[in-house]
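Just so it is clear, the values below take in all heavy atoms, side chains as well, and ignore hydrogens, waters and symmetry mates. Below, chain A is the first sequence line, B the second, and so on; all start at residue 1.
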Number of protein chains: 2
Amino acid sequence: MADVINDILKRNQLSVTDSRKKILEFFHHADGALAHADIEKMSGESFDRVTIYRTLQTFVEKGIIHTIPTADNSVKYALCKDECAAGHHHDDHIHFLCDDCGTTYCLDTHVPAVQLPQGFVVKRTDVVVSGKCGKCSN
Amino acid sequence: MADVINDILKRNQLSVTDSRKKILEFFHHADGALAHADIEKMSGESFDRVTIYRTLQTFVEKGIIHTIPTADNSVKYALCKDECAAGHHHDDHIHFLCDDCGTTYCLDTHVPAVQLPQGFVVKRTDVVVSGKCGKCSN
DNA sequence: ATTCCTTTTGCAACAAAGTTGCATTCCGTT
DNA sequence: AACGGAATGCAACTTTGTTGCAAAAGGAAT
Ligand SMILES: [Mn+2]
Ligand SMILES: [Mn+2]
Ligand SMILES: [Zn+2]
Ligand SMILES: [Zn+2]
C-alpha cells in the first residue's frame, strides 16, 4: 500500500512528503470523490488548509486526480483511473452525484460524443448525472 | 421589451421590482450565461450583492433561469428557453464553455440518455462541453 | 389618493472559501 | 553531513456566500 502511494509520487517527479502521502491515501480509501472540505475534516490538525489547496492543485496538474464539476459550486476530486499525464487528462467517464448520501461516483460509462455547431472545437466533456445511487434508491 | 420582462414576473407571481427587472434584462441582453459576479459588475451600485443572490435563487426556484455547473467552482445562470415551472425544470440541453472568450452557450442539442448501473435513479443530467466556440476557433 | 399588509431590499455582521508572500522546514542529492 | 531547491506553515488578506432585522417598496383594497 505505502509502496503504491510512493510509486505514484515518484513516477510524477514529486517529492514524497507526509501531506501528499496522506492525501493520496484518503483518495485510495474513499469510495467516492472528495471535496477540499472533506479532506480538511479527515486530516484534522495534520496539516494546513493551504497545503491541501496546493496539493490538490499539484495532483490535478500531474494527472493524478481529476476534477468533477457540480451544480452547487463545490468541485470534487477523484483519482484518475485512466492513463492521465501532466497536462493531458483522459477521464472520459461520466459522474454520478447522489442527492441522498452525497457520494460522488466515477462510473465506467464513457462520455458520449456530442454534436456541436459548426466551428466549435471540443476540448473536454463533462457529464454529471444526479439522482439516487444504488444504495439509496431502495 | 419592458412588457416581456413584466409579463415573466407577473406570470410567476413575483412582484415587479427594480432589481428583478434589471437582472432579467441583463439575461435577455446577454448572449451567454451569467455568473453572479457578472451581474454584480454589470449593475455597479444599483443594488446590493445580497439582493442579487436572493433574486437568482428566486428565479431558479420559479423556473425562470437554470444553473450551469462549471469545473472552476463558478455556477452560471441562463434563461430557461423551455417550459420550466416552479420546481420543475426541463432544461435538457447541453452547454458549451469557451475557454478563450469565457462565453457559456446554451445549445439546442438535447442531453443524451445515459446508461447507469442497476438501481441508480436519474434526476438530472448535465452535459458541459468546453473548448473553443465558433467565434474563437478561427 | 390613502391605508394597510406583505414582500423585498439594504445594511451590518458574520462565516466560509480561496489566495498570496515569506520565513522555516523538509526532501533528495552530492 | 551538507547543500540547494521544493514544500510547508503561518499570517494576513480577498472573495464569496449567509443570516437577521429594520426600513422601504409593491400590490390590493378602500
Ligand atoms: Mn471520475
Ligand atoms: Mn442552458
Ligand atoms: Zn446515495
Ligand atoms: Zn469563444
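Here salt bridge (charged side-chain N to carboxylate O under 4.0 Å, His left out) pairs that include residues 105-114 of chain A, with residues two or more places apart or in two chains, are Lys81(A)-Asp108(A). Annotation: salt bridge (charged side-chain N to carboxylate O under 4.0 Å, His left out) contacts involving residues 47-63 of chain B, sequence neighbours excluded, are absent. Counting only residues at least two apart or on different chains, the salt bridge (charged side-chain N to carboxylate O under 4.0 Å, His left out) pairs with a member in residues 118-128 of chain A are Arg124(A)-Asp126(A).
Annotation: the terminal axes of the helix from dA1(C)-dT30(D) to dT30(C)-dA1(D) meet at 30°, where each axis is the rotation carrying the C1' atoms of four end pairs onto the next four (5 pairs per end, rounded to 10°).
Taking a heavy-atom distance under 4.0 Å as the criterion, the stretch of DNA chain C touched by chain B extends 5' to 3' from dT8(C) to dG18(C).
For the pair Asn12(A) CG and dA7(D) P, the interatomic distance rounds to 12 Å; values are reported in whole Å. Atom-to-atom, CG of Asp72(A) to C1' of dT18(D) comes out at 15 Å; the value is rounded to the nearest Å.
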Shorter than 3.5 Å, N or O on both sides, protein versus nucleotides 8-16 of chain D: list them out with atom names.
from, atom 1, to, atom 2, distance (Å)
dT8(D), OP1, Thr17(A), OG1, 2.8
dT8(D), OP1, Ser19(A), OG, 2.4
dG9(D), OP2, Asp48(A), N, 3.1
dG9(D), OP2, Thr51(A), OG1, 2.6
dG9(D), N7, Arg54(A), NH2, 3.1
dG9(D), O6, Arg54(A), NH2, 2.6

Atom pairs and distances, side-chain donor-acceptor, residues 10-18 of chain B, under 3.5 Å, sequence neighbours left out:
from, atom 1, to, atom 2, distance (Å)
Asn12(B), ND2, Ile8(B), O, 2.7
Ser15(B), OG, Arg20(B), NH1, 3.4
Thr17(B), OG1, Arg20(B), N, 3.4

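Think of Ile94(B) as one node in a network of Ile, Leu, Val, Met, Phe, Trp and Tyr side chains linked at under 4.5 Å; its network also takes in Ile94(A), Phe96(A), Tyr105(A), Leu107(A), Val111(A), Val114(A), Leu116(A), Phe120(A), Val122(A), Val127(A), Val129(A), Phe96(B), Tyr105(B), Leu107(B), Val111(B), Val114(B), Leu116(B), Phe120(B), Val122(B), Val127(B), Val129(B).
With sequence neighbours excluded, no residue satisfies side-chain hydrogen bond (donor to acceptor under 3.5 Å, both in side chains) with Thr55(B). Under the side-chain hydrogen bond (donor to acceptor under 3.5 Å, both in side chains) criterion, Glu40(B) pairs with His36(B), sequence neighbours left out. Among residues two or more places apart in sequence or in another chain, the side chain to side chain contact (heavy atoms under 4.5 Å, CB included) test is passed with Ala30(B) by Leu34(B). Shown here are the side-chain hydrogen bond (donor to acceptor under 3.5 Å, both in side chains) partners of Ser46(B), two or more places apart in sequence or in another chain: Lys22(B).
Interatomic distance, Ile64(B) CD1 to Leu9(B) CG, rounded to the nearest 0.5 Å: 6.0 Å.
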